[in-house]
Structure formats: structure tokens, C-alpha cells
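Okay, structure first, notes after.
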Amino acid sequence: MENRQIADIFTEIADILDIKGDNPFRIRSYRNAARSVGDMSENVAAMAREGKDLEQIPGIGTSIAEKIKEIVSTGRLEFLDELRAGLPRGLTELLKIEGLGPKKVKLFYDNLKIDTVDKLEAAAREGKLRELFRMGDKSEENLIKAIARYRTGQGRFKLSVAFEYAQSIINYLKRSKGVRAIEAAGSLRRRRETVGDLDILAICAGGTDIMDRFVEYDGIEEVLAKGTTKSSARLACGLQVDVRVLPGESFGAALQYFTGSKEHNIALRTRAVERKLKISEYGVFKGERCLAGRREEEVYAAVGLPLIAPELRENHGEIEAAGKGKLPKLIELSDVRGDLQMHTTATDGKESVLDMALKARELGYDYIAITEHSKAVKVARGLDEKRLAKHLKAIEKIQEKITGLRILKGVEVDILPDGSLDLDDAILKECDVVIGAIHYRFNLSEKEMTRRIIRGISNRHLNIFGHPTGRLILERPSYEVDIEELIRAAKDCGVALEINAHPDRLDLRDVHVRLARDQGVKLVISTDAHSTQNLEFMRYGVFTARRGWAEAEDVLNTLPLDKLLRALKK
DNA sequence: GCCGTTTTCGGCCCGACTGTTTTCAGTCG
């Protein structure tokens, strides 16, 4: 059983209790438990079966631990069944509609027996909702719009997409009167792989026109709210953008607050309360007196902590680590000295080996590896042994034409369904870098897939396992694989795991990076570039590595060339 | 329902905006 399934059960419990108007703190406990389990890299069901102490998991106490055991052993939870019996199933779905919370869902259900999105829409269109307590025609109108958005399923956006919108809006807003500083906060600043909305913070002098200017931004489809300190709008692409204006003396506190995550902030504020302080988006206060707020560092310092990098702010142990001076020294983009996966016109890349090399040199790299597909990847015209041999010779020729950059001879060889490799050892031996990867037959059972991969990476010529889970963000889930067993096997085989930096992949993902790192498995960050432009994806891989607490020394392609080559040897 | 280096009971983060009111509940982040 996946952690996600267990988390979903607790979320449903929280939703139902919410609608019933239960104790809000009890509800929060279930939501915390859902998040905690959902974010775990270790399989909770397996932990339960092995008799491990579930109460060690943050947010899990006696009662919820018991419920997890029940779910794992019976596949059901009596408590949830009882809760469900009292309410129609569609009610919790209504909570997903923006602007609809538990109170209104209950109001609509109690008065009009509304328990589906369709019934809600019909009631709104017929003007029946406006007769209810504290409802009006405006509320109905907004609900109809929110239902339309819910139906088109606009949710989260890939980090790279959100990044580009944020940059464009910030450049536009910078030209407003009186803007002194402007920065994006939120999950974008934490570099989460997907972003739900943009939070843009600005310091402005008096008489600013930033909000007037913001609502005129030509990508905006609908203005949701407009005030002097906060405005919200939805772009045509569906992305919501919040802009907040703050006084300079609060900017650090606001940046801290709006960067989140919510869970990190709750933990930080709790720490403040223990010190008789209060943290809000305006500063750190002792009674009425403001102790800090201008800079983010001051906010953390006020509660006795060093600055915590935004990528770590998930309440995944970073506050404890900071308190003990044990924060990792996170890898930086400038630590990366080369890129170890890319494709050229020899297979499905768009540009030549020389063009890729020149661009890489421009980026300041010491080395790259050219790693074409093997023959199993037919759509990419993958190379067989003979064509690869010729290609390796061609790379040597091109190396003669370029100085200041080493072009490593590589290949991305497919691991076939039986775990054998798609190319003979004799040719793999000629390569400086051999990446193993999976590109087809994703539908094996977890057991078969894990066995396939472990057999594949056991090949003595294989150095790196590429895009280890095969997922495409928001498009395709990972194939089924026992990631912990895979990580152990990578360690045993001396194989590095790739953080594929392509913004559609980011694979390994953050929590698995951390798990691998904790086990002492080496990582590489590669762009999987299919064009010179794609080489700039490296930053997304570095973001992911940082979210996984990785330091430069965990990542092989921060090494100088000679050390890298030694490290790749098995 | 969870949690604890002052605690096993009594807390649990904090503020802005909307839409409905004429002082505030609900929702969001």
C-alpha cells in the first residue's frame, strides 16, 4: 500500500469532520498526519508490517498509529466507514471548489440537500443560494466561475512554467512608481517541483501605483481581489498571482512568512511562542516592541537560528538541524563542473556534438558526456554497437577541434525487461560514462521492475542509473519500483543515481534524493539536453538536489575531471 | 488528536480580503 493512499484516508476524515464542525485541532491533527505520511520516503505500510514504531513519525500519535495498523492489516478503516455513513460521498468533493469551505458546504447541504457539483451549479444558476444566510448574488456568480475552473481541472504548474511567468510579471511590476524591491516568495521560492500560485512581494514608497498597474497586466484574465496591500488575479493560463505590498521594515518577515511552507512557519512560530515572542508577516515582536523584520536572517536570528535556505523549509527536520548547527551546506549551481547526459543529432537531439560542446564551454563547464540512446529506443533512432563505435570515434575527432573542455564518450543504454543491457559489454567498455535507463515496458509489477533494474545496474560497466523512477511531472506517474531497495542496490553496485534536471522529469525527486544521500549513494545532476538551450536546465536539477539536502560532495559532477573519472570507476 | 528540557493538561500561527452586513463569518494562504 502506498503512502498516498493512507494519506488520502486521513484527508477524507479531516474533510468530513470539518463539514460536521468537529474540533478544529482534531481536524488539523488528521491533516498533519496526512501530510506527514504523504511526504515520507519510507513506505509506512511496510513499517507497520515490520512492527516499527509509527509514533516516531511526526504528527502520528497513539490513535492515528492504531488507525494506520488497521488500514494496513484490513485494507479498511471502520472509523472512516462510520463517518461516511452519515454523509453523502459527494460532499467532500465540494470542498475542492475554491471559495467553498466546510461551513458553506454544510449550509448548502442542510438547507438545499446539495451534495454534488452539478446540484450546486444548478442551485447557483437558479438563484437559490442567495436566499441562504450571508449569501448574495455576487457569491453565486463567484461560485459558478469557481465551478467552471474546477471542471477544467486547472491545478498546479510545473516549476519551470511558473518561473517564467514570475520573471515576466516581476519585470513588468518593477516599472511601477515607488517600487524599491520586489521578489517572488511561496513554493516557487522553495523550488517545489510544481507551483500552485505565485506570491509576489514588493516594498513600495508612498504613492505607489503598483496595484493599479498589476491589474492591467495583459496576461490577466480575471481580477479576484484588489486592495492596497494585497491583490489577486488569475492569468489566462489559470495560474493565480498574489501581489502584496509591504513596508521596508517588514520585508524580511514577510518574505519569510510568504515563502512558507505553512508547516515550516507553524513550527517556527511555535518556537517563537516558547521564547515569549510573536512572529507575524510584519516582524518578530516582544509585546508591542518589534525586534526584527527588515531582513529574513533577523527573523531566524530572533529565535536563535541561522538562516534556513528556502528549499529546506518544509518542516522536515530543518528547524531541529538549524538549532543544532547541523544544516547541510547545500550545493550551488556554480559547484557543477560538467553535464553528464545529453543527446545530439546522432539520435534524437537537435544539435551537433560540436555545438553542444561549445555551449557547454560557454557555460563554464570543464567536461560533458555525450550519451546517445541505444537501439531499443527506436523512435529516437537509438544506436546499435556498430553505429555507437563510429560515433565514439567521431567524438574523438571533435575533441581535437576544441580546447578547454573534455568531451566524454558515453551512452544511455536501455535496461531491457529481463534486466540485461541493450548493448554488448565490449562496446560499453569503450565508454567513459555508461548511463542505464528504462524507456519502455513500464507496466511490470513492482517486484519485476525492481529485479530488472537491479540486474541492469549490476553490470560492471554501468556508472549511473538515469531518471530512476521514470515519472513525468503532472503527466505520468513513476513505474512501480521499490525505491529503497533500488537505493541499497545502487550503493552495493557503486552506481550513482541521476537527478535528471529536465523540468518535465526532476527524477530523482527531492525526498528520494534525501533518502539516497542519507544512505551514502552518490548522485549526478544531468540535463538530458536535446538542444544547446536545454543545457540551461541544470538549475532545476540543482534546486531538486538542494530540496533533497544535497551538498556538493554528494554530487559527482562537482568533481574536477580526473577525480570524476576515478569516481566513476567501479 | 498531537505534543512536552518550565508541562501528561491545556494549549494548538496569524492576518487580509470578500461579501454580507452595519460588526463579522468564512475562506485563504
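Values in this document were obtained by computation on a predicted structure and should not be read as measured data. Reckoned from all heavy atoms, side chains included, excluding hydrogens, waters and symmetry mates. Proteins get letters first, then strands, A, B, ... in listed order; numbering begins at 1 in each.
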Short side-chain N/O contact to B:dG19 OP1/OP2 from A:S139, under 4.0 Å: no
Sugar-phosphate only, base, or nothing, as touched by A:D18 at under 4.0 Å among non-hydrogen atoms: nothing
Spacing of A:E98 atom CD relative to B:dG26 atom P, expressed in whole Å: 19 Å
Check: A:Q56/A:D53 side-chain N/O donor and acceptor closer than 3.5 Å: yes
A:L107 CG to B:dT20 P, straight-line distance once rounded to whole Å: 13 Å
Side-chain donor-acceptor pair present, A:E42, A:N3, cut-off under 3.5 Å: no
Between B:dC3 (P) and A:R271 (CZ): distance, integer Å: 18 Å
Along DNA chain B (nearest heavy atom to each residue), the more 5'-positioned of A:E55 and A:M135: A:E55
B:dT7 versus B:dG11 - spacing of their P atoms, nearest Å: 15 Å
Parallel, tilted or perpendicular: ring planes of A:F163 versus A:Y540, cut at 30 and 60 degrees: perpendicular
Side-chain N or O of A:K138 closer than 4.0 Å to phosphate OP1/OP2 of B:dG19: yes
Atom-pair distance (CG on A:L129; P on B:dT18), nearest Å: 21 Å
A:K226 vs B:dT18: side-chain N/O to OP1/OP2 distance below 4.0 Å: no
Selected nucleotide, minimal atom distance to A:Y282 side chain, candidates B:dG26, B:dG15, B:dC17: B:dG15
Short side-chain donor-acceptor distance under 3.5 Å, A:E93 and A:Y150: yes
Protein-nucleotide distance (A:D22, atom CG; B:dG1, atom C1'), rounded to Å: 10 Å
For B:dT7, glycosidic torsion class - syn if within 90° of 0, otherwise anti: syn
Contact state string [nucleotides 7-14 of chain B, B base, S sugar-phosphate only, - no protein heavy atom under 4.0 Å]: -----BBB
Rounded distance in Å - CD1 (A:I68) to P (B:dG1): 14 Å
Whole-Å C1' distance, B:dC13 and B:dT20: 27 Å
Base-pairing assignment for B:dG26 (Watson-Crick or G-U wobble, both under 3.5 Å): B:dC17
A:R547 side chain to A:V511 backbone, donor-acceptor under 3.5 Å: no
Sugar-phosphate only, base, or nothing, as touched by A:S232 at under 4.0 Å among non-hydrogen atoms: nothing
Under 4.0 angstrom between A:T229 side-chain N/O and B:dC17 OP1 or OP2: yes
Sugar-phosphate only, base, or nothing, as touched by A:I27 at under 4.0 Å among non-hydrogen atoms: nothing
Six-ring centre of A:Y109, A:K113 cation under 6.0 angstrom, axis tolerance 45°: yes
C1' spacing across the pair B:dA16 / B:dG10, given as an integer number of angstrom: 29 Å
Distance between C1' atoms of B:dG4 and B:dT8 (Å, rounded): 8 Å
Sugar-phosphate, base or nothing in reach of A:P24, heavy atoms under 4.0 Å: nothing
Nucleotide of B:dT27, B:dG1, B:dC17 approaching A:A225 most closely (side-chain heavy atoms): B:dC17
First encountered from the 5' end of DNA chain B, between A:I57 and A:K104: A:I57
Salt bridge (charged side-chain N to carboxylate O under 4.0 Å, His left out), paired with A:D199, selected from A:K230, A:R244, A:R189: A:R244
Distance between C1' atoms of B:dT23 and B:dT18 (Å, rounded): 15 Å
Spacing of A:K103 atom NZ relative to B:dT27 atom P, expressed in whole Å: 7 Å
A:K69 side chain to A:S73 side chain, donor-acceptor N/O pair below 3.5 angstrom: no
Residue from A:V303, A:I279, A:V284 passing side chain to side chain contact (heavy atoms under 4.5 Å, CB included) with A:R269: A:I279
Sugar-phosphate only, base, or nothing, as touched by A:K276 at under 4.0 Å among non-hydrogen atoms: base
Spacing of A:L132 atom CG relative to B:dT21 atom P, expressed in whole Å: 12 Å
C1' atoms of B:dT21 and B:dC14, separation to the nearest Å: 24 Å
Of the listed nucleotides B:dG26, B:dG29, B:dG1, the one nearest the side chain of A:I64: B:dG1
Shortest side-chain distance from A:N142, nucleotide among B:dC17, B:dT20, B:dT18: B:dT18
Heavy-atom neighbours of A:K324 NZ exceed 12 at 6.0 Å: no
